[in-house]
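Side-chain atoms are counted along with the backbone in the values below, which use heavy atoms only and exclude waters and symmetry mates. Position 1 is the first residue of the sequence; numbering continues from there.
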Amino acid sequence: MELELRHLRAVRAIADTGSLTKAAATLGLAQPALSAQLRRIEKALGGPLFDRDHTGARPTLLGELVLERARVVLPAVSELQEEAVRFANAWGTMERFRLGGTHGPLLGGLVDRLVTAHPAAPVSTYTSWSVAEIASQLVDGRLDFALIGTCGESPPPGNDRLTWQVIGVDPVFVMLPDSHPLAGEQELDLSALADECWADVPGEGCFADCFIGACARAGFSPVSVYETDTASVVHLVQVGRAVGLCRATFPPTPGLVTRPITGSPLSWRHLLGWHPRSTAAGAAAGAVSGYTRAAYAEAVQRSESCTRWLAAHPRFGAAM
């Protein structure tokens with residue numbers, strides 16, 4: 001029998017879990033099938049790889065040798081597969097722009113600028129609530145650039161594999177109906193909204209936990225939080241069913257106002273990402289970054305409350 005990658009994965013799974021039963025569950029195999037496979041592997045390699053008893057499975061000296069090699073070979077093969085997919089999905093020069101993004105304010109502005117500057121280059125977009133999904137498509141070479149957001153200083157997905165550039169940092173504002181008793185205030189204490197229902201868009205990461213934590217520090221727990229799409233959030237605010245959470249760069253919208261929260265307990269980073277080994281994306285990264293920063297500046301200028309607030313709080317706003 002010739003040793004295959006699946007055999008090394010099986011050996012590593014047994015070592016990582018310390019049990020054939022747990023390893024079988026991890027690999028999606030029946031335990032007897034994994035036991036039979038291990039016997040064949042041990043026969044091919046010339047000796048037992050694990051000492052097994054009622055307490056579990058522990059690598060023998062031969063097993064340690066095999067595991068040492070497996071921990072080198074398996075990541076290398078995985079990286080080779082990823083690079084091959086990227087190569088197959090990428091063009092040698094930036095003759096197109098494949099953009100991914102979560103539902104933020106900058107993707108439309110970036111598309112507008114790319115189409116203007118490169119009228120002959122096809123531009124495509126892909127959006128998802130999941131920043132992890134967007135990041136995986138960058139890793140696989142199915143996207144050239146991605147626009148995402150992260151809560152506060154939390155790291156973006158694939159931080160060790162992808163290049164992420166901070167475009168700007170927004171405080172999180174409160175969205176109120178323009179008829180709300182507090183709509184005329186220039187800044188709001190979170191505690192003043194303790195009796196309100198809330199609405200925001202769903203997403204991954206720590207934002208929901210950070211919001212609950214900010215409310216707890218303000219002395220209350222939210223009555224309810226509606227997680228829904230942006231249009232529904234706007235509707236719920238306009239009809240007075242909830243107050244909303246939004247980035248400071250949220251565009252002016254009839255029937256509502258946006259106001260900063262005292263002390264800025266929540267913030268949102270806008271990030272542009274690409275794969276450092278993508279020759280095409282790397283060559284265009286400077287230009288795409290410039291277009292994205294221009295789109296962010298335009299988003300800031302559209303919001304009077306954001307412009308006014310950022311002028312007084314220089315630690316936020318466009319990243320240098």
Side-chain angles (χ1 to χ4, degrees), residues 1-90 100 128-143 146 148 150-164 202-210 212-213 273 275-278:
M1 182 190 80
E2 291 188 359
L3 200 63
E4 300 176 15
L5 290 174
R6 63 188 178 93
H7 298 143
L8 294 181
R9 293 190 182 99
V11 172
R12 187 178 64 179
I14 296 169
D16 289 346
T17 61
S19 160
L20 261 71
T21 301
K22 293 178 181 178
T26 299
L27 296 168
L29 299 173
Q31 194 271 340
L34 181 58
S35 296
Q37 185 179 98
L38 178 60
R39 287 194 295 271
R40 292 193 297 272
I41 295 170
E42 290 176 329
K43 182 177 180 181
L45 293 177
L49 302 182
F50 295 94
D51 290 323
R52 287 178 280 166
D53 56 29
H54 68 282
T55 64
R58 295 167 301 282
T60 63
L61 289 177
L62 176 59
E64 291 287 1
L65 173 66
V66 174
L67 284 166
E68 182 181 349
R69 299 294 191 272
R71 290 184 178 116
V72 174
V73 170
L74 290 174
V77 172
S78 178
E79 185 176 353
L80 171 62
Q81 290 174 328
E82 290 176 358
E83 195 156 349
V85 171
R86 282 196 302 274
F87 183 86
N89 283 290
S128 170
W129 294 115
S130 171
V131 293
E133 180 185 356
I134 295 293
S136 70
Q137 294 209 26
L138 276 183
V139 170
D140 290 344
R142 293 182 172 86
L143 294 174
I148 68 166
T150 62
C151 176
E153 296 298 319
S154 60
N159 202 27
D160 55 339
R161 291 175 162 183
L162 301 170
T163 297
W164 293 104
E204 298 169 328
C206 62
F207 182 77
D209 292 336
C210 290
I212 297 299
H275 199 289
R277 293 188 183 177
S278 170

Fill in: Closest contact, heavy atoms only, A70 versus P75
O-CD, 3.8 Å

Worksheet item: Is K22 salt-bridged to D16, going by a charged N under 4.0 Å from an acidic O?
Response: no

Worksheet item: Atom CZ in R9, atom CG in L74: separation rounded to 0.5 Å?
Response: 6.0 Å

Worksheet item: Is E42 reaching over with its side chain to a backbone N or O of G47, donor-acceptor style, under 3.5 angstrom?
Response: no

Worksheet item: Between S278 and H275, is there a donor-acceptor pair closer than 3.5 Å when you use the side chain of the first and the backbone of the second?
Response: no

Worksheet item: Is the shortest heavy-atom distance from the side chain of V72 to the side chain of E68 under 4.5 Å?
Response: no

Item to complete: List the atom of A146, the atom of I134, and the distance in Å for their closest heavy-atom pair.
Response: CB-CG2, 3.4 Å

Worksheet item: Does D140 use its side chain to pair, donor to acceptor, with the backbone of R142 at less than 3.5 Å?
Response: no

Discussion item. Walk me through whether L5 and V77 qualify under side-chain contact (heavy atoms from CB on, under 4.5 Å).
Written reply: CA-CA 9 Å; L5 290 174; V77 172; 3.5 Å; yes

Fill in: Verdict with supporting geometry, W164 and I148, side-chain contact (heavy atoms from CB on, under 4.5 Å)
CA-CA 10 Å; W164 293 104; I148 68 166; 3.6 Å; yes

Worksheet item: Can you find a pair of side-chain heavy atoms, one from F50 and one from V11, that are under 4.5 Å apart?
Response: yes

Worksheet item: Between atom CZ of R12 and atom CG of L27, what is the distance when rounded to the nearest 0.5 Å?
Response: 9.5 Å

Worksheet item: Rounded to the nearest 0.5 Å, how far apart are NE2 of H7 and CD of E2?
Response: 10.5 Å

Practice prompt. Could you pull out the closest heavy-atom pair between P276 and R161, with the gap in Å?
Written response: CD-O, 3.1 Å

Discussion item. For L49 versus V66, what's the shortest heavy-atom pair and its separation?
Written reply: CD2-CG2, 4.0 Å

Practice prompt. For the residue pair R40 and K43, establish whether any side-chain heavy-atom pair is separated by less than 4.5 Å.
Written response: no

Worksheet item: Considering all heavy atoms of both residues, which atom of G100 and which atom of L143 are nearest to each other, and what is their separation?
Response: CA-CD1, 3.7 Å

Discussion item. With side-chain contact (heavy atoms from CB on, under 4.5 Å) as the criterion, how do T60 and E64 come out once you've worked through the C-alpha distance, each side chain's angles and the decisive distance to 0.1 Å?
Written reply: CA-CA 6 Å; T60 63; E64 291 287 1; over 6 Å; no

Fill in: N/O donor-acceptor pair under 3.5 Å between S35 side chain and Q31 backbone
yes

Worksheet entry | Over all atoms of both residues, closest heavy-atom pair of L62 and G46 | CD2-C, 4.4 Å

Practice prompt. State, yes or no, whether a side-chain contact exists between L34 and I14 at a heavy-atom distance under 4.5 Å.
Written response: yes

Discussion item. Just so I know, are the side chains of L38 and R52 near enough to count as touching, which here means a heavy-atom distance under 4.5 Å?
Written reply: yes

